[in-house]
There are 2 protein chains.
Amino acid sequence: MIERHLAKLRARDDISAEEEEAIRWAVADYREYPSRKTIIPAEQELTFSTLLLSGMLARFKDLRSGGRQITELHVAGDFADLHSFTLKRLDHAVETLGPCKVALVPHDRLREITVRYPHLTRVYWFTTNLDAAIHREWVFSLGQRRAQQRMAQLFCEMHIKLSLVGLVENGSYDLPLTQEELGQVLGLTSVHVNRTLQLLREQGTVEFRSGRVTIFDVEQLRHSAEFDPSYLYLEKRPR
Amino acid sequence: MIERHLAKLRARDDISAEEEEAIRWAVADYREYPSRKTIIPAEQELTFSTLLLSGMLARFKDLRSGGRQITELHVAGDFADLHSFTLKRLDHAVETLGPCKVALVPHDRLREITVRYPHLTRVYWFTTNLDAAIHREWVFSLGQRRAQQRMAQLFCEMHIKLSLVGLVENGSYDLPLTQEELGQVLGLTSVHVNRTLQLLREQGTVEFRSGRVTIFDVEQLRHSAEFDPSYLYLEKRPR
DNA sequence: CGATTTTTTGAACGTGCTCAATTACAGTGG
DNA sequence: CCACTGTAATTGAGCACGTTCAAAAAATCG
């Protein structure tokens, strides 16, 4: 069940058999959720972290006056809230974007890992730092890129994240978002998302239809977004 | 020299005398830099992290086609790049916003801390997760708030961060940025920054002049930005 | 004091938003 | 199988926030 998670970790560093065993030991329970369900409310005291096994999750923050911003999209193999281990509560909520299976990892087992497995601790620390790097890229994107580039950048990012866990079939992958929600990721209205999607479609580089992205020309797409994957830290090295 | 750093840590959790000793041991060297100098270039292999003792630092990313986005502002007591310990290189650069004094902490000493001081490790892990929470708030702000709210939110955030290390004098603090750079933080042009500053000034809630922010009405300012400091995790509790 | 940077102002423009209506689509029950 | 319902996608028109370009005024620094 946690194979995708291990694949993600092993793409960045070696994980020993003993460490793998520790990870398996840390999982206390499994759970399934239906689509569009808030599985972690903001500000709530948490005693375990949630590891996504299949499906997709969104972290989001709401403005009292109506707006919603999605701050990260999680794919199978990601910890949705490993950071809740040190934060104890979250400044955002997490909801499912489709049916999801998750594994629950109690914080006291994570604490045990920090005591007994320093290297594994550093690897997990790395993964939260990777989330932060993705946040920075989104800050960059929202601040400096216009709608078209912004959307292209997102499609490139998801393409790589999903590739790592084997969920891309020749340039095509599931992204179970409505245009409204895509707008909540990109800081755009659904109307403008619709118009921007049409432009990209006409250019023939990428298409988004009924929750599925199809990239026709990766090079062109990356070029148009000035996409540089270095912030995804794809190289494997000792942490 | 590292008193401000300890103050910041101790605002969120207890740090024992032994842990304090470990932190002092971890500092290998001190350095000073002039204003407007890039002290950590992007993508470079790093073997130590930089702890800011005095002055202010900015993390930023450049777009090939010209734009620059500042992704975080660091104040005295912050580690500017503790995340480089696990990332090994950074996806952004760091520059001084005025004369700065820093302490250098070699990564191998941080590694030693992860082996010998699990609790201190969790505290440091927490601080990088706090950086990520600040990134999320910026993503939220750039995506959902308009210029005026966005600027108000930034002034509120810096007010709190600087308060924690005693650098606010009745609602007034140094923010050594030009309006151009403030625009690079907020995703706005310098022209619009100027006009937005005038609006805020006319409303009498806050003023920004020659690198210094003066807040006349904190409540009003927070209200106008829908500012909620929960993302700064100001409560002290065991990590 | 002169040189340079920063702030400020004006005017035209454009990207993206708002509001509102229409069309397409998916799921449901008869 | 089709009408019915609700959600999602699409289109249009007008508007506003923020940009661009350019110039002037003010502040800062040797």
Side-chain angles (χ1 to χ4, degrees), chain A residues 34-37 58 63 65-70 97-99 141-154 174-203 206-214 224-225, chain B residues 34-37 63 65-70 95 97-99 141-154 174-203 206-214 224-225:
Chain A
S35 189
R36 311 290 142 165
K37 184 171 165 54
L63 205 57
S65 53
R68 164 170 299 189
Q69 179 67 39
I70 292 175
L97 296 175
S141 214
L142 284 161
Q144 302 300 322
R145 288 194 248 250
R146 327 223 114 266
Q148 235 180 292
Q149 284 191 305
R150 215 133 99 197
M151 193 172 281
Q153 132 73 31
L154 177 73
D174 284 326
L175 189 68
L177 296 170
T178 63
Q179 291 184 8
E180 175 77 38
E181 291 165 327
L182 193 51
Q184 291 165 356
V185 172
L186 301 171
L188 301 171
T189 59
S190 61
V191 172
H192 202 63
V193 164
N194 185 279
R195 288 175 173 140
T196 306
L197 281 170
Q198 289 179 43
L199 284 178
L200 290 175
R201 208 181 295 149
E202 283 163 19
Q203 288 162 20
V206 66
E207 186 177 75
F208 175 74
R209 276 188 189 287
S210 49
R212 194 163 177 91
V213 174
T214 305
S224 72
Chain B
S35 189
R36 313 289 144 164
K37 184 172 165 54
L63 204 56
S65 52
R68 164 170 298 191
Q69 178 68 38
I70 292 175
E95 77 165 7
L97 295 176
S141 214
L142 285 162
Q144 302 301 321
R145 287 193 249 248
R146 324 224 119 264
Q148 235 180 291
Q149 285 190 303
R150 216 134 97 196
M151 194 173 280
Q153 131 73 31
L154 177 73
D174 284 325
L175 189 68
L177 295 171
T178 62
Q179 291 183 10
E180 175 77 38
E181 291 165 327
L182 193 51
Q184 291 166 355
V185 172
L186 301 170
L188 301 170
T189 58
S190 61
V191 173
H192 202 62
V193 164
N194 185 278
R195 287 172 175 144
T196 305
L197 281 170
Q198 290 179 43
L199 285 177
L200 290 175
R201 208 180 296 150
E202 283 164 21
Q203 290 161 21
V206 67
E207 187 177 76
F208 175 75
R209 276 190 190 286
S210 49
R212 193 163 177 92
V213 174
T214 305
S224 73

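Note that this is a predicted model, so its numbers are computed, not measured.
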Rounded distance in Å - [atom1] ([X]) to [atom2] ([N]):
{"X": "Arg195(A)", "N": "dG14(D)", "atom1": "CZ", "atom2": "C1'", "value": "11 Å"}
{"X": "His192(A)", "N": "dT15(C)", "atom1": "NE2", "atom2": "P", "value": "9 Å"}
{"X": "Arg150(A)", "N": "dC17(C)", "atom1": "CZ", "atom2": "P", "value": "8 Å"}
{"X": "Gln148(B)", "N": "dA16(D)", "atom1": "CD", "atom2": "C1'", "value": "14 Å"}
{"X": "Phe208(A)", "N": "dA8(D)", "atom1": "CZ", "atom2": "P", "value": "12 Å"}
{"X": "Gln184(B)", "N": "dT19(D)", "atom1": "CD", "atom2": "P", "value": "13 Å"}
{"X": "Leu199(B)", "N": "dT9(C)", "atom1": "CG", "atom2": "P", "value": "11 Å"}
{"X": "Arg36(A)", "N": "dG27(C)", "atom1": "CZ", "atom2": "P", "value": "13 Å"}

Quick one: label [X] by what it contacts on the DNA or RNA (base, sugar-phosphate, nothing), any heavy atom closer than 4.0 Å.
{"X": "Gly183(A)", "value": "nothing"}
{"X": "Leu197(A)", "value": "nothing"}
{"X": "Gly211(B)", "value": "nothing"}

Looking only at heavy atoms, the pair that brings Phe208(B) and Leu175(B) closest together is CE1-O, 3.6 Å
Any [X] side-chain N or O less than 4.0 Å from OP1/OP2 of [N]:
{"X": "Arg146(A)", "N": "dG16(C)", "value": "yes"}
{"X": "Arg201(B)", "N": "dT8(C)", "value": "yes"}
{"X": "Thr189(A)", "N": "dG16(C)", "value": "no"}
{"X": "Thr178(A)", "N": "dA8(D)", "value": "no"}
{"X": "Asn194(A)", "N": "dA9(D)", "value": "no"}
{"X": "Gln198(B)", "N": "dT8(C)", "value": "no"}

Working to the nearest 0.5 angstrom, can you tell me the gap between [X] [atom1] and [Y] [atom2]?
{"X": "Gln198(B)", "Y": "Glu207(B)", "atom1": "CD", "atom2": "CD", "result": "11.5 Å"}
{"X": "Leu197(A)", "Y": "Met151(A)", "atom1": "CG", "atom2": "CE", "result": "4.0 Å"}
{"X": "Leu186(B)", "Y": "Gln153(B)", "atom1": "CG", "atom2": "CD", "result": "9.0 Å"}

Between [options], which one does the side chain of [X] approach most closely?
{"X": "Ala147(B)", "options": "dG18(D), dT19(D), dG12(D)", "result": "dG18(D)"}
{"X": "Gln179(A)", "options": "dT10(D), dT19(D), dG12(D)", "result": "dT10(D)"}
{"X": "Arg209(B)", "options": "dG16(C), dT8(C), dA13(D)", "result": "dT8(C)"}

Between Gln184(A) and Gln69(A), is there a donor-acceptor pair closer than 3.5 Å when you use the side chain of the first and the backbone of the second? no
Please check this pair: side chain of Gln144(A) against backbone of Arg68(B), looking for a donor-acceptor N/O pair closer than 3.5 Å. yes
Which residue lies toward the 5' end of DNA chain C, Arg145(A) or Ser210(A), if each is placed at its nearest nucleotide?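 Result of the comparison: Arg145(A).
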